[in-house]
Amino acid sequence: MTIEEQVKLLKKGVEEIVPEGQLIAKLKKSAKTGKPLRIKYGIDPTGSQVHIGHLVPIRKMRQFQDLGHIGVIIIGDFTAQIGDPTGKNETRPTLTKEQIMINCEKYMDQLYTVLDKDKTEVRFQTEWFGSMTMADVIKLMGKFTLAQFMAHDTFRKRYESGLPLGMHEIMYPILQGYDSVAIESDIELGATEQKFNLLAGRDMQRYHNQEEQVAIMSPILMGTDGVNKMGKSLNNYIAVFDTPKDKYGKVMSIPDNLIINYFTYATNLSDEEISAVQMRLEAGENPKNLKQLLARELVKIYHGQEIAQAEEDAFNSVFAKGNIPDDIEEFSFAEDKIWVIKLLTDTKLCQTNGEAKRMLKQNAVSIDGEKVTDPDLEIELISEIVVKVGKRRFAKIIKK
RNA sequence: GGAGAGGUUCCCGAGCGGUCAAAGGGAACAGACUGUAAAUCUGUCGGCGAAGCCUUCGGAGGUUCAAAUCCUCCUCUCUCCA
């Protein structure tokens with residue numbers, strides 16, 4: 001692949017490259033010397049669930065790996081104790097080291113669904129921060145001024161609106177910046193909201209007489225609600241470890257205006273294929289069709305073509321035709337009769353008796369296709385019945 | 001160190017002795033309409049099999065027949081002054 005082709009590929013789905021010229025120079029240099037570039041991406045092992053929003057830059061890293069470069073994953077075991085203030089309007093609770101280690105292992109398992117393990121280096125911040133002295137830390141802090149931090153929206157807004165802003169939080173960019181020095185990063189990947197942190201890396205490298213890294217920023221993937229960025233706290237994410245069924249279903253529930261966005265950042269479709277989708281949308285085709293295509297593509301990446309197709313068939317069967325899914329959870333009971341409310345809570349279809357009653361009252365419960373509304377009803381358990389709550393909660397009850 | 005303002009149910013935010021399981025909004029859930037989309041309309045939104053009861057308003061005590069509301073101490077946050 002020529003350098004021009006490489007640049008075109010690497011620019012795809014990227015929001016901003018700072019500075020772009022330097023990326024080209026680095027690629028050229030690497031091609032000439034045969035020395036692979038070191039591509040940095042830092043993770044914050046505060047949770048163990050990786051969602052497809054995290055994977056936008058990770059997928060970019062994979063492209064670099066396919067071009068022969070090295071991906072370096074930094075486990076932010078120090079920064080995790082701070083909690084990334086970026087984009088947050090509140091402080092985060094700190095984590096114990098034990099918790100971080102557990103999270104980290106699970107995390108990497110998920111990243112390897114995308115990354116090339118042989119070209120991935122995993123590094124812990126402890127390696128370089130663990131042995132630093134206070135004098136070293138003060139020296140690092142001295143490289144920045146408070147004004148620089150206050151120029152940063154995140155800090156300024158927090159400060160101006162009277163929210164607590166911990167002193168340790170301003171260490172976050174400093175630490176992340178120094179990571180780049182420690183691993184001699186050529187390129188750092190991250191979401192656009194990371195800009196400040198990524199640029200801090202360039203500053204740090206310059207202070208340490210190192211060639212500055214190039215910052216490649218990916219857009220922030222919207223959550224399935226279409227309003228907020230994808231994140232765990234809002235429960236609007238599609239996780240790597242979600243079942244294919246959940247992935248398919250979650251894609252189908254995104255707002256229409258997100259379709260192109262997801263195609264661009266979460267699938268492997270080429271620009272040409274995406275334009276084709278765009279044209280079909282503009283031509284007035286039912287967006288549902290394109291969304292199904294999207295759902296299929298996305299599931300395919302993680303589970304393969306066959307499963308993707310199977311999920312689509314199941315989806316159509318259940319939601320378009322109103323059939324009962326064939327893989328619903330089964331429960332067996334020994335009793336001859338059971339009170340509806342108890343049935344609903346025992347099967348976890350409802351969390352509490354109150355919720356069960358509410359569902360009955362709201363016409364949301366059906367047994368073998370018949371609506372049930374009477375909260376005093378006793379169900380006779382003869383053979384096998386299927387209970388449905390709302391549109392998507394099912395359980396099969398078997399007489400023991 | 002001094003002065004002031006605060007911590008309310010998932011979130012924001014009213015309440016300032018009983019009529020408070022606690023207004024309003026958001027989120028969420030359910031129903032109608034659909035394409036498991038959006039928008040809209042309707043309803044629900046602490047727990048317990050009902051009447052009734054139990055737990056909740058930063059924490060611990062106290063006053064009172066009665067406390068989210070009053071008092072004491074503690075704790076956390078914000079603002080202003082050193």
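Sequence lines set the chain letters: A, B, ... in the order given, protein chains first and strands last, and positions in each chain run from 1. Only a predicted model underlies this, so the values are computations on that prediction, with no experimental measurement involved.
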**Q** Looking across every strand, which nucleic acid part, if any, lies under 4.0 Å from A:Ile254 by heavy atom: base, sugar-phosphate, or nothing?
**A** sugar-phosphate
**Q** Do any side-chain nitrogens or oxygens of A:Lys357 fall under 4.0 Å of OP1 or OP2 in B:rU44?
**A** no
**Q** Taking atom P in both B:rG46 and B:rC11, compute the distance separating them and give it to the nearest angstrom.
**A** 14 Å
**Q** Classify the angle between the aromatic ring planes of A:Tyr107 and A:His54 as parallel (below 30°), tilted (30 to 60°) or perpendicular (above 60°).
**A** tilted
**Q** Hydrophobic side-chain clustering at under 4.5 Å (ILVMFWY, transitive links): who's grouped with A:Val365? Put none if nobody.
**A** A:Phe331, A:Phe333, A:Ile338, A:Trp339, A:Val340, A:Ile341, A:Leu343, A:Leu344, A:Leu349, A:Met359, A:Leu360, A:Ile367, A:Val372, A:Leu377, A:Ile379, A:Leu381, A:Ile385, A:Val387, A:Val389, A:Ile397
**Q** How does protein reach along nucleotides 6-11 of chain B, written 5' to 3' as B (base within reach of a heavy atom under 4.0 Å), S (only sugar-phosphate), or - (no contact)?
**A** ------
**Q** For B:rU72 versus B:rU40, give the span between their P atoms, rounded off to a whole number of Å.
**A** 49 Å
**Q** Would you tell me whether A:Gln176 and A:Glu188 have side-chain atoms, one donor and one acceptor, within less than 3.5 Å of each other?
**A** yes
**Q** List in chain and number order the residues that pass side chain to side chain contact (heavy atoms under 4.5 Å, CB included) with A:Ser275, two or more places apart in sequence or in another chain; answer none if no residue qualifies.
**A** none
**Q** If the P atom of B:rA14 is compared with that of B:rU55, how far apart are they to the nearest Å?
**A** 28 Å
**Q** Are the side chain of A:Glu15 and the backbone N or O of A:Thr192 linked by a donor-acceptor pair below 3.5 Å?
**A** no
**Q** Who else is in the cluster with A:Ile398 when I, L, V, M, F, W and Y are joined by side-chain contacts under 4.5 Å?
**A** none
**Q** Identify whether any heavy atom of A:Asp256 sits under 4.0 Å from a base atom; if not, whether one sits that close to sugar-phosphate; answer base, sugar-phosphate or nothing.
**A** base
**Q** I'd like to check the side chain to side chain contact (heavy atoms under 4.5 Å, CB included) partners of A:His303; sequence neighbours left out, ordered by chain and number.
**A** A:Pro244, A:Lys247, A:Val299, A:Ile307
**Q** In residues 284-297 of chain A, which ones come under 4.0 Å of RNA chain B, going by heavy atoms?
**A** A:Asn286, A:Pro287, A:Lys288, A:Lys291
**Q** Are OP1 or OP2 of B:rA37 and a side-chain N or O of A:Ser253 less than 4.0 angstrom apart?
**A** no
**Q** Are any side-chain N or O atoms of A:His152 and backbone N or O atoms of A:Phe149, one a donor and one an acceptor, separated by less than 3.5 Å?
**A** no
**Q** Sort and list the pairs that fulfil salt bridge (Lys or Arg N to Asp or Glu O under 4.0 Å) and have at least one residue in residues 332-357 of chain A, not counting sequence neighbours.
**A** A:Asp336-A:Lys399, A:Lys342-A:Asp346, A:Glu355-A:Arg393
**Q** Please determine, for the side chain of A:Pro255, which listed nucleotide (B:rG47, B:rG31, B:rA37) has the closest atom?
**A** B:rA37
**Q** Taking B:rA82 as the reference, what is the distance to B:rA3 when you measure between their P atoms (whole Å, please)?
**A** 15 Å
**Q** Report yes or no: do A:Thr264 and A:Asn261 form a side-chain donor-acceptor pair below 3.5 Å?
**A** no
**Q** Of A:Ile73, A:Thr120, A:Val114, which is the lone residue that meets side-chain contact (heavy atoms from CB on, under 4.5 Å) with A:Met61?
**A** A:Ile73
**Q** To the side chain of A:Asn363, which of B:rG31, B:rC29, B:rU44 is closest?
**A** B:rG31
**Q** Taking RNA chain B as the partner, which of residues 327-351 of chain A come within under 4.0 angstrom of it by heavy atom?
**A** A:Trp339
**Q** Which nucleotide sits closest to the side chain of A:Gln362: B:rU34, B:rG47, B:rG43?
**A** B:rG43
**Q** Taking B:rG47 as the reference, what is the distance to B:rC41 when you measure between their C1' atoms (whole Å, please)?
**A** 31 Å
**Q** Mind checking A:Gly354 for me? I need base, sugar-phosphate or nothing, with any heavy atom below 4.0 Å counting as a touch.
**A** sugar-phosphate
**Q** If only side-chain N and O atoms of A:Arg392 are considered, is one of them under 4.0 Å from the OP1 or OP2 phosphate oxygen of B:rC29?
**A** no
**Q** Is a side-chain N or O of A:Gln110 found less than 3.5 angstrom from the main chain of A:Lys106, in a donor-acceptor match?
**A** yes
**Q** Work out how far the P atom of B:rU8 is from that of B:rA23, and round it to whole angstrom.
**A** 15 Å
**Q** Take A:Arg206 and A:Asp203 through the salt bridge (Lys or Arg N to Asp or Glu O under 4.0 Å) test and state the conclusion after the steps.
**A** CA-CA 5 Å; A:Arg206 193 169 59 246; A:Asp203 290 337; 3.0 Å; yes
**Q** Given the C1' atoms of B:rU79 and B:rC16, what is the spacing between them in whole Å?
**A** 23 Å
**Q** When you look at NZ of A:Lys371, are more than 12 heavy atoms from neighbouring residues, nucleotides or ligands closer to it than 6.0 Å?
**A** yes
**Q** Could you run through RNA chain B and flag its stems, i.e. three or more consecutive Watson-Crick or G-U pairs with both distances under 3.5 Å?
**A** B:1-7 with B:75-81, B:10-12 with B:24-26, B:28-32 with B:40-44, B:46-48 with B:52-54, B:58-62 with B:70-74
**Q** Could you run through nucleotides 77-82 of chain B and give me one letter per nucleotide, 5' to 3': B if any protein heavy atom sits under 4.0 Å from the base, S if only the sugar-phosphate is that close, - if neither?
**A** SS----
**Q** Does anything in residues 290-303 of chain A pair up under salt bridge (Lys or Arg N to Asp or Glu O under 4.0 Å), and if so which pairs, sequence neighbours excluded?
**A** A:Asp256-A:Lys291, A:Arg296-A:Glu312, A:Glu297-A:Lys300
**Q** Who passes ring-ring contact (aromatic ring centres under 6.0 Å, His included) against A:Tyr41, sequence neighbours left out?
**A** none
